[in-house]
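One structure below.
The chain is numbered in sequence order, starting from 1. Order of appearance sets the numbers: ligands from 1, and atoms from 1 within every ligand.
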Amino acid sequence: MIVVDSVRRLLRAPPGRLCCPCRSRCSAASATYPSAGWVRQTFLRFFQERHRHQVVPSAPVRPRGDPGLLFVNAGMNQFKPIFLGTADPQSDLARYRRVTNSQKCMRAGGKHNDLEDVGRDFYHHTFFEMLGNWSFGDYFKEEACSMAWELLTQVYEIPKDRLYVTYFGGDSSLGLSADEECRDVWLGLGVPPSHVIPFPLRENFWEMGDTGPCGPCTEIHYDHVGGERNAAALVNQGNSDVVEIWNLVFMQYSREADGSLRQLPQHHVDTGMGLERLVTVLQNKHSNYDTDLFTPILDAIHKGCKGPRYRSLVGEADVGHVNMAYRVVADHVRALSVCIADGVYPGMTRTEQVLRRILRRAMRFSSEVLHAPPGFLASLVPVVVKVLGDAYPELRRNMDQIINIINENEAAFHSSLLLGQRIIDRTLQQMGPSKLFPEIVWSLYLNLGFPLDLIGLILEEKGVRLDLAALEQLVQEDAKRKAQTQREELERSGLHLNVHLLAELQQGGVPATDSSPKYAYELGQDGRYVFSPCHATVLKLYKDQSFQTEVGEGQCCGVLLDRTCFYAEQGGQASDQGYLVRLGQEDVLFPVESVQLSGGYMIHKVIAPETLQVGDQVQLFVDEAQRLACMVNHTATHLLNFALRRVLGDSTQQQGSHVTAERLRFDIRTKEGVTVQQLQEVEAVIQELIEQNEAVYTAEVPVKLASGIQGLRTVDEVYPNQVRVVSVGVPVERVLAPDSTAAVHTSVELCCGTHVLKTGTVQDLAIISEHQLVKGISHIIAVTGEQAKQAREAGQSLAKEVDILSARVKLGSSSIPEMQRLSKEVGYLTKVSAPFHRRRAPGWLVF
Ligand code: ATP
Ligand code: MG
């Protein structure tokens, strides 16, 4: 009891009290429960104050630089570089030992996909909050289990006899014995043997992916029924009475490409507990939907559609799926709100497509089952914001936009439904009702987001049988294409050092690569950029997943040098290319195809024309033309960012960018679409900055100092402790002065890229395309210098041709076949010239 009191005192906050919402299973009208807010706070404080963990904010649900992942689906996602050993040694990430957080998670696609369960049961959501604590090379099994037990039984006061724990029971095929260490920890904590249950690999061995860190886990399950019974037999049986609440993973192995397991250089703990499930336990409910995280939303649904009340029914008892519809809508509107606030909009690309599916599923349940009026879904958003806004203020900040996007998508869905109907009708007329048409179905599904099940229904009504085998083939082909893209992505990163090699480097005292020479260039008298020479020593050669002392002729390898002037792909700027020569043997070039950064080490991908050895002295030659073009385009990207903000206002937000030698792409989140006139104004602002030939200042400063810059806008990235400030026209010291407003009036960004020294080097910038793949996010493509001039000229001459052709078509002076030909030609030219034509008034194509 003394411990309990001291923990309570430590946590200070008295439990927030909720009046009993009088749900079906609750008889005590006067009962009070801890609120979800208190439960969340208590978790974080327990680990922070009692066990010295650092509280880390939730990462956005859009994954940062993890192409294999659709959404953040576990608390550990943002810490993956630590597990892989690839964290930048200069970043906070590399210094984390004990951290805790409450992470926004989505499980609606990819490896973890609970979408189909949502609504059918009481405890699977698409969006949920995962409470977690982590040890990175710090404590391990004993402390992790005892902290979890202390929190659940002493702080939250969950009766011990309702809890069951599982541990890994071993796997003979992998040569892994049972995790008896974990079992003994639980027994030592006083958990009775009848509540400690072994499970095989499938349940109790956690893997991040096909390869990479993994290890046994131990789960804590809660029996909602309790009493005299022993519910051990119901654990992991998909029974809603006995539900997993917490999973503690012990990362101790790494799954290798050949399927074998190797000990990790460092052991870690990674835990995750679903807040919604925990709150259900603490509020003495049986369903997550009966807690204060959901009841306000369910009430609002009732008010909005005026149908029968929610009654917590499932399965056959839920006649007409009304209760399921309540759960689906409540779940999905939370998911939509959180995703949109984090910049994932319903759309056509992978992740966006999943969100669009969620939105359309919510709409169909709202209108078809709950008979809700138009605009209903968006009307629930303020309630979601009220429930979750304190924990995730970005919801509050973006509420209006969430509402707009949901409403716009609702309208688009209705019109695409009508369009889909028309396409189906027309196709049926053309093909005859007996024909099968998988391609059309596939295109409706992919291009219009028309749900496959709905297409099936319409076809059924019309007595048409769909060729499912042909449709399946299209699905397979699509999956194959996607897998191919993924493979290519993997190949591209084929020279990434794995966790063991990174640990070998770190433990062997190999210092991070000194890449400061990449910034060593100046502007000569003649206006040309002069790049300083750079010499280096080969420290390691890497091939076939291991370090070698030499690589032979014709072999592709990774070369680690003590220093480099090459730029590795990062911050949206493409990697440099070039070559190395061995000192004293200048006639043999070792081409550098690309450069990658991992854990502070820069790996140069080289195809060796001759033997190369560790210890060789080399001189580095960057392809200067390509580098300069990247520098021009990177600075131009900063100018574009600034100009867009000036023209469109402060509510715009950079979503991403990519800079290559050929062009730059800039993605921006805007409330409204961007007009042609605004794009012209943007170009004019940039032109002015170019003409003024402003100096581009850069300096490295501590991130804490830089984050104090008034008006500075950062992107969603993990910044190292030392950041580079890039400022146009105002020296960095002046930008950093306490009351400076420079960042409002000029371009100031935190950026590790390489930049020109004067804006005049950019010469010119032409926006060659602007389009919205996803509503609310504009993708802008621009070119600079000579290319910009050429683009402008090409655009003008194409526009002229289109005008002439349009006029001829309008006059109708030609014969019908001639008209058709002209019409086609106009269409073709329109496509070709579209990027250059954006600057014309809309509607010019109507004839
Ligand atoms: P389940 O078997 O119940 O689907 P899981 O094994 O997929 O759970 P983990 O991946 O171990 O769960 O995630 C850790 C914790 O996150 C779980 O113990 C649970 O509390 C919570 N959780 C997982 N998936 C969901 C979900 N879809 N909705 C709500 N909470 C979830
Ligand atoms: Mg699951």
Side-chain angles (χ1 to χ4, degrees), residues 36 39-40 43 58 61 69-77 79 100-134 144-145 148 151-152 156 158 163-168 197 199-209 214-224 234-251 269-282 285-291 293-294 327-328 330-332 334-335 338-339 354 358 388:
V39 176
R40 191 192 291 112
F43 182 95
S58 171
V61 286
L69 203 61
L70 285 171
F71 292 103
V72 164
N73 58 21
M76 56 75 61
N77 291 168
F79 305 117
T100 182
N101 90 346
S102 161
Q103 173 64 48
K104 296 177 282 186
C105 294
M106 280 288 292
R107 290 197 174 178
K111 191 172 171 226
H112 290 283
N113 186 354
D114 293 335
L115 183 58
E116 292 308 322
D117 283 330
V118 172
R120 291 182 213 283
D121 70 19
F122 291 143
Y123 56 97
H124 279 102
H125 305 294
T126 51
F127 161 72
F128 67 99
E129 296 175 69
M130 196 187 277
L131 302 166
N133 61 293
W134 286 268
C145 295
L151 177 64
L152 293 181
Y156 290 136
I158 298 176
L163 297 172
Y164 294 80
V165 296
T166 66
Y167 67 96
F168 176 52
I197 320 154
F199 274 94
L201 203 76
R202 200 170 69 103
E203 280 84 13
N204 276 63
F205 197 88
W206 195 90
E207 309 217 23
M208 194 157 76
C214 56
C217 61
T218 179
E219 295 176 343
I220 305 176
H221 295 248
Y222 178 81
D223 177 16
H224 280 282
L234 298 176
V235 167
N236 275 335
Q237 300 304 315
N239 184 308
S240 68
D241 287 338
V242 181
V243 174
E244 175 195 325
I245 55 171
W246 204 346
N247 191 358
L248 285 63
V249 181
F250 306 121
M251 299 277 203
V269 173
D270 156 31
T271 88
M273 170 155 62
L275 173 76
E276 298 75 8
R277 295 188 190 180
L278 176 64
V279 171
T280 301
V281 170
L282 298 179
K285 303 292 180 199
H286 202 96
S287 156
N288 293 1
Y289 295 93
D290 290 341
T291 67
L293 285 166
F294 284 92
R327 289 188 289 268
V328 167
D331 174 277
H332 288 11
R334 279 168 32 111
V338 167
C339 286
V354 175
I358 291 176
L388 294 175

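Between the choices R107, M130, E129, the shortest heavy-atom distance to atom 9 (P) of ligand 1 belongs to R107.
Going from atom CD1 of I158 over to atom CG of L152 covers 4.5 Å, rounded to the nearest 0.5 Å.
A salt bridge links E129 with R40: the distance from a Lys NZ or Arg NE/NH1/NH2 to an Asp or Glu carboxylate oxygen falls below 4.0 Å. The residues R334 and E276 are annotated as salt-bridged, a charged nitrogen and a carboxylate oxygen being separated by less than 4.0 angstrom.
In terms of polar-atom proximity, defined here as any N/O pair under 3.5 Å, G274 does make such a contact with ligand 1. Remark: ligand 1 and E276 share no N or O pair separated by less than 3.5 Å (distance only, no angle test). Considering backbone and side-chain atoms alike, H124 places an N or O below 3.5 Å from some N or O of ligand 1.
Here D114 has side-chain heavy atoms under 4.0 Å from ligand 1, and that is the only part of it that gets that close. Using a 4.0 Å cut-off between heavy atoms, H125 contacts ligand 1 through both its backbone and its side chain. Of all the heavy atoms of W206, none lies under 4.0 Å from any atom of ligand 1, so neither backbone nor side chain is involved.
No donor-acceptor distance shorter than 3.5 angstrom exists from the side chain of T126 to the backbone of M106, with no hydrogens or angles considered. Looking at N73, its side chain never comes within 3.5 Å of a backbone N or O of R107 through a donor-acceptor pair.
Between H125 and Y289, the gap from one ring centroid to the other is short of 6.0 Å. Checked against the 6.0 Å centroid criterion, the rings of Y222 and W246 do not qualify as a close aromatic pair.
Interface atoms of ligand 1 facing Y123, defined by a heavy-atom separation under 4.0 Å, are 28 (N), 29 (C). Short contacts between ligand 1 and N247, defined as distances under 4.0 Å to a heavy atom of the residue, involve ligand atoms 11 (O).
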